[in-house]
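Read the numbers this way: they start at 1 and go in the same order the structure lists the ligands and their atoms.
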Amino acid sequence: MGLRKILTDKDPALHKVCKPVTAFDNKLHKLLDDMAETLIDSGGVGLAAPQVGILRRVFLVDMGEDAPEIVEFINPEILETDGEQYGPEGCLSVPGKYGLVKRPYYAKVRAQDRDGEWFEAEGEELIGRCFCHEYDHLDGIVYTEVMDRFLTDEELNGD
Ligand code: NI
C-alpha cells in the first residue's frame with residue numbers, strides 16, 4: 001500500500017482519454033489498493049486513475065454512509081441516468097474550489113471488479129453526481145469544463 005500523488009488539473013494527464021483495463025493482475029490490484037488509501041487519506045468521495053497519473057479506465061467511489069466503503073469501478077459504463085440536480089461540485093485535482101454543475105440526480109453504472117467480474121451499482125444525489133464526475137475524468141473532462149461558474153469566496157464562506 002502507498003499514497004499516490006494527486007495531480008492538479010494543470011497536468012496533461014487530466015485531459016486525456018483513458019484506455020480500457022485489459023489485465024486484472026497484481027499491478028492493477030496494487031494501483032487499486034494505493035488509490036483506496038489515497039482517497040481515504042484525502043477525505044474525498046471519488047478518485048479516478050488519471051488523477052494519479054495512470055491513463056486507464058478505473059475509478060473509486062466511497063459509497064459508505066457512516067464508515068468508508070470504497071467500491072472499485074473498472075471499465076465502467078453509465079447505463080442509465082434520471083432526473084437532474086444543480087449544485088456545487090469539487091474535485092481533488094482542483095483544490096480549494098467548488099463550481100456549480102448540472103448533473104443527473106440518479107445514475108446506474110456497470111463495471112468490472114478487480115477480478116474482471118461485471119457488476120452494477122446505482123446512486124442518487126451525491127453518489128449519482130460522483131459517478132458522472134468520475135466517469136468524465138476517464139474521458140479527460142474536468143468539472144471546470146462543464147460547470148457554469150466557480151462559487152465565489154462569499155458563497156464558500158456561507159454569507
Ligand atoms: Ni475529480
Side-chain angles (χ1 to χ4, degrees), residues 1-21 28 30-65 67-81 83-114 121-153 155-156:
M1 298 271 277
L3 288 177
R4 304 260 177 139
K5 184 175 181 245
I6 298 177
L7 305 175
T8 69
D9 71 338
K10 291 188 198 75
D11 195 290
L14 270 288
H15 304 282
K16 298 206 164 117
V17 176
C18 298
K19 293 195 173 115
V21 169
L28 175 69
K30 168 86 170 110
L31 169 68
L32 292 165
D33 290 343
D34 287 356
M35 284 178 65
E37 192 177 339
T38 305
L39 177 57
I40 290 170
D41 179 71
S42 72
V45 185
L47 182 68
Q51 293 181 274
V52 295
I54 306 293
L55 297 178
R56 292 286 175 173
R57 302 189 79 81
V58 172
F59 66 67
L60 271 55
V61 175
D62 182 358
M63 295 186 68
E65 286 179 14
E69 186 189 327
I70 306 290
V71 181
E72 301 165 345
F73 296 85
I74 298 151
N75 299 329
E77 302 159 21
I78 295 185
L79 290 182
E80 196 181 322
T81 61
E84 193 178 294
Q85 57 180 317
Y86 181 74
E89 187 165 313
C91 178
L92 293 169
S93 294
V94 190
K97 294 195 169 183
Y98 293 87
L100 291 170
V101 188
K102 184 163 80 178
R103 296 284 189 190
Y105 180 79
Y106 163 91
K108 185 196 270 188
V109 178
R110 177 177 184 260
Q112 284 170 286
D113 68 14
R114 62 168 56 206
E122 58 183 0
E124 299 177 339
E125 292 188 300
L126 178 63
I127 299 299
R129 175 180 289 282
C130 189
F131 284 163
C132 297
H133 175 116
E134 300 308 328
Y135 186 86
D136 274 358
H137 273 305
L138 306 185
D139 285 335
I141 299 165
V142 178
Y143 83 83
T144 50
E145 295 165 55
V146 295
M147 71 175 180
D148 280 348
R149 61 172 176 85
F150 280 120
L151 292 189
T152 63
D153 287 343
E155 286 171 323
L156 275 178

**Item:** Exercise: do E89 and Y98 side chains pair donor with acceptor under 3.5 Å
**Value:** no
For this session: Identify whether the distance between the nearest side-chain nitrogen and carboxylate oxygen of R103 and E84 falls below 4.0 Å.
Result: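 Here R103 does not pair with E84 in a salt bridge, since their nearest N and O are not under 4.0 Å apart.
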Output yes when R57 and D139 qualify as a salt bridge under the 4.0 Å nitrogen-oxygen rule, no when they do not.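 Salt bridge flag = yes for D139 with R57.
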Polar protein atoms near the Ni ion (ligand 1) [N, O or S; cut-off under 2.8 Å]
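Atoms qualifying: C91 SG, H133 NE2, H137 NE2.
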| task | Please confirm whether K102 makes a cation-pi placement over Y86, using NZ or CZ under 6.0 Å from the six-membered ring centre and within 45° of the ring normal. | result | no
*asked:* Run S93 and K10 through side-chain contact (heavy atoms from CB on, under 4.5 Å) and show every step you take.
replied: CA-CA 9 Å; S93 294; K10 291 188 198 75; over 6 Å; no
For F131, the ring pair (Phe, Tyr, Trp, His ring centres under 6.0 Å) test, sequence neighbours excluded, returns F73
